[in-house]
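Single-structure report; data block below.
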2 protein chains.
Amino acid sequence: MPTAATETASNAKARPTLRDVAMLAGVSPKTVSRVVNGEAGVSAPKTAAVQRAIAQLDYRPNFTASSLRRSSGRSAAIAAVLEDLANPFSAALHRAIEDAARDRGVLIFAGSVDENPERERELVRAFTMRQADALVVVPASDDQSYLANEVSTGTPVVFVDRPPVGLPVDAVLTDNHDGAAAAVHHLVRHGHRDIAYLGDLRNIPTARQRFQGFKEALSDHGIRPSTAAIVHDLHTERASEEAVRRLLSAGSPPTALFTAQNLVTVGAIRALQQLGRQHEVALVGFDDFPLADLLQPAVTVVAQDPSEMGRVAASLIFRRLDGEQWRPTTHLVASRLIPRGSGEITGPHRG
Amino acid sequence: MPTAATETASNAKARPTLRDVAMLAGVSPKTVSRVVNGEAGVSAPKTAAVQRAIAQLDYRPNFTASSLRRSSGRSAAIAAVLEDLANPFSAALHRAIEDAARDRGVLIFAGSVDENPERERELVRAFTMRQADALVVVPASDDQSYLANEVSTGTPVVFVDRPPVGLPVDAVLTDNHDGAAAAVHHLVRHGHRDIAYLGDLRNIPTARQRFQGFKEALSDHGIRPSTAAIVHDLHTERASEEAVRRLLSAGSPPTALFTAQNLVTVGAIRALQQLGRQHEVALVGFDDFPLADLLQPAVTVVAQDPSEMGRVAASLIFRRLDGEQWRPTTHLVASRLIPRGSGEITGPHRG
DNA sequence: CTGAAAGCGCTAACAG
DNA sequence: CTGTTAGCGCTTTCAG
């Protein structure tokens with residue numbers, strides 16, 4: 001019978017401790033510790049006795065307690081502060097980080113911020129209080145200087161998708177500007193000059209960068225976008241759907257749409273289908289999404305690579321945890337235009 | 001300057017401890033503890049002094065250490081052993097659990113099993129070693145008796161999507177059998193008798209239940225399925241795509257398809273589109289997916305409700321953590337047939 | 001090769 | 001109201 005003490009509630013048995021194993025095996029706690037941690041220098045018979053006791057008690061070391069005492073202090077867990085666990089971008093990022101962590105026996109804490117700056121701080125606080133060894137952050141707030149102490153304490157921090165503000169740390173970003181510009185060039189090449197911009201909340205840095213790329217690419221072609229065809233702050237499918245419906249019902253509607261975010265793209269498709277104009281109005285969306293290739297027309301997108309971003313972020317984290325040092329660096333992950341049909345609908349200015 | 005000791009590596013400063021706060025505030029550690037935990041009975045001036053010291057040092061309690069000592073032993077973290085963090089079902093489940101946990105200040109550890117039984121055990125082990133307060137498990141192995149000690153030790157465990165084997169614990173399952181039967185009835189009502197079954201790996205319980213529902217519903221209509229039209233063990237889009245292509249190219253092809261899983265459904269759609277027969281061959285898929293309503297034809301599905309499953313699972317967990325007791329129970333979450341077009345394509349046996 | 005003593009950061013259980 | 005002592009489960013340090 002294990003530690004007779006701590007009979008917490010009802011009829012719950014206590015979990016066996018290292019001491020219980022030691023007593024059952026007739027050795028000292030330290031010897032059990034050595035066996036558990038695979039340290040050399042324990043005689044064969046004692047090793048066997050310890051292993052037998054471990055099996056008999058179904059003993060599992062308390063990792064939390066050991067990392068409290070261990071000199072490294074590492075908890076072998078890292079934290080991911082994501083936008084929304086349920087959206088495909090966050091999910092792919094999460095999965096890529098998990099895969100990298102798995103090889104090292106590291107576990108992941110993850111949480112959703114939902115574009116809420118307070119929630120970002122709460123999550124970071126909760127994760128650091130639980131001794132996460134490192135932080136991957138997709139920020140929602142506009143200032144992360146509150147993390148300075150964390151960083152100077154030696155916790156690796158990497159920002160993903162959006163740059164850190166007021167905090168010199170590594171970042172892994174999509175090439176938003178150039179990706180958006182590529183979308184515009186593509187549409188212009190297919191004969192469009194009246195291209196609408198439909199974008200996410202302007203306080204999101206990626207949205208600003210994409211809009212910047214859009215504007216500059218147009219101006220490269222000597223086109224001044226009509227302000228009527230620029231709609232910002234679309235953060236739901238529904239908002240986007242309505243904006244597109246309005247846009248296409250107005251006088252002199254655009255012949256092409258550039259939708260700067262996932263949900264915005266889907267909302268636009270919905271509107272186009274309702275109006276029955278999905279084969280007339282060209283569309284290029286930023287960020288790929290599942291089944292984009294199965295729609296009719298299939299949807300041309302500027303694809304990001306969240307898995308690659310996760311891999312890069314994880315690699316930066318683990319290299320820092322391994323003691324490598326370097327000046328904080330921003331890593332751009334290329335986006336890729338995937339022509340599928342909707343972006344190749346030709347406009348009136350061909351040739 | 002905080003604890004001058006433990007100058008771990010390079011130039012990393014040490015994180016301030018409760019002792020550091022106590023010294024700076026000129027009080028005992030216990031007083032700091034009281035302030036941090038909001039215990040009543042500390043004089044206003046000392047409270048203020050402590051708070052000032054906390055702010056000055058940017059002190060954050062070490063939750064790991066406190067839960068080691070705390071009588072409850074709770075880590076305020078629960079674990080989710082999921083199929084694949086990146087798939088929409090797992091992601092929705094994860095998110096629902098997170099939302100329920102957030103209200104209580106509980107964090108989530110999550111990991112992907114990828115249908116690998118060993119990985120299931122590894123994850124459970126890793127999570128329990130880190131003192132997760134409870135476990136939500138979507139199992140991949142065919143025996144979970146290894147969790148018996150965990151359960152008897154008082155850790156709440158809930159299975160989701162698939163029942164536990166050899167372990168009496170709560171489960172939250174979709175009504176797979178009836179959902180599949182509903183799909184078949186729907187197709188028969190629309191004039192189909194030659195209905196193909198395309199399903200996932202037979203070692204997955206949900207796949208078996210859906211097949212069972214399929215068979216029984218057919219037999220309710222006096223239909224004996226042709227063995228040629230039953231394809232099991234499809235676990236990727238590609239496998240499904242090829243199976244459907246083969247099926248529709250053979251002699252006497254089915255007039256309707258029942259695809260018993262997400263990826264299988266998408267693979268089938270891909271095949272139908274390639275053959276240009278998506279408007280002739282009826283299709284009902286098990287499990288909803290994003291954009292199903294935007295395809296042409298829009299895809300009729302038997303929708304599961306992963307969010308609801310997550311909510312129920314979380315509620316069971318937290319009620320048990322709060323001390324409620326009951327005999328392990330299975331909760332069925334209803335599925336819902338959503339007619340969208342593909343399932344209403346009529347077959348030859350109408351009227 | 002093995003164990004005893006000390007202590008990681010914090011709180012329980014007392015005493016004042 | 002406040003502090004002291006002990007100890008959570010484990011590992012470090014150091015003595016045998």
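To find a chain, count down the sequence lines: A is the first, B the second, and so on, and within it residues start at 1.
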Next on the checklist: Quick one about B/Glu83 and B/Ser112 (side-chain donor to acceptor, distance below 3.5 Å, no hydrogens or angles considered), yes or no?
Outcome noted: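 No pair is found: no donor N or O on one side chain lies under 3.5 Å from an acceptor on the other.
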Next on the checklist: Hydrogens and angles aside, do A/Asp84 and A/Ser90 bring a side-chain donor and acceptor to less than 3.5 Å of each other?
Outcome noted: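 No, no side-chain donor-acceptor contact under 3.5 Å.
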Rounding to a whole Å, what distance do you find between [X]:[atom1] and [N]:[atom2]?
X	N	atom1	atom2	result
B/Leu18	C/dC8	CG	P	13 Å
A/Glu39	C/dT2	CD	P	12 Å
A/Met129	C/dC10	CE	C1'	12 Å
B/Arg19	C/dC8	CZ	C1'	11 Å
A/Leu68	D/dC8	CG	C1'	9 Å
A/Met23	D/dG9	CE	C1'	14 Å
A/Arg74	D/dT12	CZ	P	14 Å
B/Gln131	D/dG9	CD	P	9 Å

Does [X] put a side-chain nitrogen or oxygen below 4.0 Å from OP1 or OP2 of [N]?
X	N	answer
B/Ser28	D/dG3	yes
B/Arg69	D/dG7	no
B/Tyr59	C/dC10	yes
A/Asn62	D/dC8	no
B/Thr31	D/dG3	yes
A/Thr17	D/dC8	no
B/Ser33	C/dT11	yes

Are [X] and [Y] close enough that some pair of their side-chain heavy atoms sits under 4.5 Å apart?
X	Y	result
B/Met129	B/Arg125	yes
A/Phe318	A/Asp103	no
A/Leu93	A/Val138	yes

Item to check | Residue met sooner reading DNA chain D from 5', once B/Val27 and A/Pro29 are mapped to nucleotides | outcome: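 First, find each residue's nearest nucleotide; the 5'-ward one identifies B/Val27.
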Item to check | Residue closer to the 5' end of DNA chain D, B/Gly26 versus B/Arg70 (nearest nucleotide) | outcome: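 Final value for this comparison: B/Gly26.
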Next on the checklist: Are there runs of at least three consecutive Watson-Crick or G-U pairs touching DNA chain D, with each pair's two distances under 3.5 angstrom? Give them by first number.
Outcome noted: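 Stem list for DNA chain D: C:1-16 with D:1-16.
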What does the list of N/O pairs under 3.5 Å between the protein and nucleotides 13-16 of chain D look like, with a distance for each?
none

Item to check | Short side-chain to backbone donor-acceptor contact, A/Arg15 and A/Asn62, under 3.5 Å | outcome: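 No, because the side chain of A/Arg15 does not come within donor-acceptor range (under 3.5 Å) of the backbone of A/Asn62.
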Item to check | Any donor-acceptor pair under 3.5 Å from A/Ser75 side chain to A/Gln131 backbone | outcome: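 Indeed, once roles are kept as given, a pair shorter than 3.5 Å links the two residues.
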Checklist entry - Which of these nucleotides, D/dT11, D/dC10, C/dA12, is closest to any side-chain atom of A/Ala65? => result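 Nearest to the side-chain atoms of A/Ala65, counting from C-beta on, is D/dC10.
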Checklist entry - Quick one: which of C/dG3, C/dA12, D/dC8 gets closest to the side chain of B/Ser71? => result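 The nucleotide sitting nearest to the side chain is C/dA12.
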Checklist entry - Please walk me through it: do B/Asp143 and B/Ser145 pass side chain to side chain donor-acceptor pair (under 3.5 Å)? => result CA-CA 6 Å; B/Asp143 176 21; B/Ser145 51; 2.9 Å; yes
Checklist entry - Which heavy atom of A/Ala140 sits nearest a heavy atom of A/Asn116, and at what distance? => result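 Shortest heavy-atom contact: CB-N, 3.9 Å.
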Next on the checklist: Tell me if the CD atom of A/Glu118 is crowded by more than 12 foreign heavy atoms within 6.0 Å.
Outcome noted: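 For A/Glu118, atom CD is not crowded (no more than 12 foreign heavy atoms under 6.0 Å).
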Item to check | Sugar-phosphate only, base, or nothing, as touched by A/Pro61 at under 4.0 Å among non-hydrogen atoms | outcome: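 A/Pro61: backbone/sugar contact only, no base atoms under 4.0 Å.
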